[in-house]
Amino acid sequence: MAELVISDLKNLEPGRIFYSGKLYVVETVGGAAKARPWGTPPGTLKDCVTLSRGSVLAQFHPVIERAMVLPVLKRGDFLVKGQPTAYSFKTEQDARRASQLDCDLALRDGVSLQRSNRLAVWLLTDGANPHRLYHYPSSSAADVAYAAYCAKHNCVKCTWPDERTRYWPLLFG
């Protein structure tokens, strides 16, 4: 997996995510280079930043030219020896946020999120195969169904933060 690195932001393509006190996603590039807070809808203006002092938006938004850039992930980054990984979270909201960040970091790799209330899990999948599970407490029936699903798909149960999730603490810090 790629390391978290401090980098210039002006050359990042739309969709890339970086951290400078909080997570941002690059929305536009060029003369109007802008990033919005990650998790807000496209077109958001509140709390946005511009990525260059030369940007026309520098008179309206704070400028961030260098920051910690999060890696672009591939499907294989979510697996251990070809098997899906499974993480447990304290709340459903924490599981949702971590799963959404992972999905957003897999910019163009054909993965999406599915929520399963029956399993009390958010599932990162390519539509046919699970890649990562984000379990949260729900009911004993959901816990039993989750354990059976993990056994059926040979999920590798992981504890975070680990080498595959170095960026998650940025969500919860």
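FYI, the numbering just counts along the sequence from 1.
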Here the gap from L113 atom CG to C103 atom SG, rounded to the nearest 0.5 Å, amounts to 4.0 Å
Could you pull out all residues at least two apart from D8 that satisfy side chain to side chain contact (heavy atoms under 4.5 Å, CB included)? R66
Output the distance between atom OG (S116) and atom CG (L133), rounded to the nearest 0.5 Å. 9.0 Å
Could you walk me through whether R36 and V25 satisfy the side chain to side chain contact (heavy atoms under 4.5 Å, CB included) test, starting with their C-alpha distance in whole Å, then the side-chain angles of each, then the deciding distance to 0.1 Å, before giving a yes or no? CA-CA 6 Å; R36 62 182 160 78; V25 60; 3.3 Å; yes
Side chains of D102 and Y87: do they bring a donor and an acceptor to under 3.5 Å? no
Side-chain polar contacts of residues 140-157 - donor-acceptor pairs under 3.5 angstrom, sequence neighbours left out - could you list them?
from, atom 1, to, atom 2, distance (Å)
D143, OD1, H135, NE2, 3.1

Least distance between heavy atoms, T91 atom then P137 atom: N-CD, 4.3 Å
Among N129, T125, D126, which residue meets the side chain to side chain donor-acceptor pair (under 3.5 Å) test with R75? D126
What's the separation between atom OG1 in T85 and atom CZ in F78, rounded to the nearest 0.5 Å? 8.0 Å
Could you measure the distance from the OG atom of S138 to the CG atom of L119? Nearest 0.5 Å is fine. 10.0 Å
For W122 and E92, test the side chains for any donor-to-acceptor distance below 3.5 angstrom and give the result as yes or no. yes
Which residue pairs pass the ring pair (Phe, Tyr, Trp, His ring centres under 6.0 Å) test when at least one of the two sits in residues 20-64, sequence neighbours left out? F18-Y24
Is the F172 to W160 ring centre distance short of 6.0 Å? yes
Determine whether I17 and L101 satisfy the following criterion, side chain to side chain contact (heavy atoms under 4.5 Å, CB included), listing intermediate values before the conclusion. CA-CA 9 Å; I17 299 171; L101 181 58; 3.8 Å; yes
